[in-house]
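All remarks here apply to the structure that follows.
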Amino acid sequence: MDVRFLPNPYYVPELKKKTGLDEPVYEYVMNSDKTESFYQQFITLLKNIIPGYKNEGKSSVTIAIGCTGGQHRSVALAKRIGDSLAAIYPVRTSHRDIKRRKESINRS
């Protein structure tokens with residue numbers, strides 16, 4: 001899921017070098033009406049489809065969340081989604097690009 005449509009903390013100087021695991025960045029991303037609307041719809045979708053995977057005998061489902069640099073928006077959303085689903089299912093959350101700084105790319 002591409003979440004580049006959400007507000008980008010990269011452009012807030014005090015948040016730029018932090019990640020979505022840091023409380024100020026997490027709150028910045030989550031306090032957007034767009035984020036809340038997206039989250040509610042996406043988590044509802046996931047909660048509705050994951051039982052189907054279990055019924056089909058699937059032992060895992062990969063849910064990927066992406067943004068431009070993999071530092072802020074995707075990390076915050078993956079954390080929230082992972083935390084929500086962990087109340088129901090075994091969850092392993094990882095952040096592939098969290099340690100890779102991409103300062104030289106165009107951020108959108």
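None of the values given here were measured: they were computed from a predicted structure.
A 4.5 Å side-chain heavy-atom check between Pro51 and Tyr89 finds at least one atom pair inside the cut-off. Between Val3 and Val29, the closest side-chain pair of non-hydrogen atoms is not below 4.5 Å. Contact annotation: the side chain of Met1 never approaches that of Ile63 to less than 4.5 Å [non-hydrogen atoms, C-beta and beyond]. Counting heavy atoms from C-beta outward, Ile43 and Leu85 have side chains that approach closer than 4.5 Å. Side-chain contact between Leu77 and Thr35 is present, with at least one heavy-atom pair separated by less than 4.5 Å.
Atom CD of Gln40 is surrounded by more than 12 heavy atoms from other residues, nucleotides or ligands within 6.0 Å. Residue Phe5 places its CZ atom among more than 12 non-hydrogen atoms of other residues, nucleotides or ligands, all under 6.0 Å distant. Applying the 6.0 Å contact sphere to CG of Asn48 captures more than 12 heavy atoms from other residues, nucleotides or ligands.
For the atom pair CG of Asp22 and CD of Gln71, the computed distance is 10.5 Å after rounding to the nearest 0.5 Å. Here the straight-line distance linking atom CG of Leu15 with atom OH of Tyr26 works out to 15.0 Å at 0.5 Å rounding.
Panel note: side chain His72, backbone Lys18; a donor-acceptor pair is recorded below 3.5 Å. In this structure, Arg73 contributes its side chain and Leu6 its backbone to a donor-acceptor pair below 3.5 Å.
Shortest non-hydrogen contact noted between Gly82 and Thr93 is CA-OG1, 3.8 Å.
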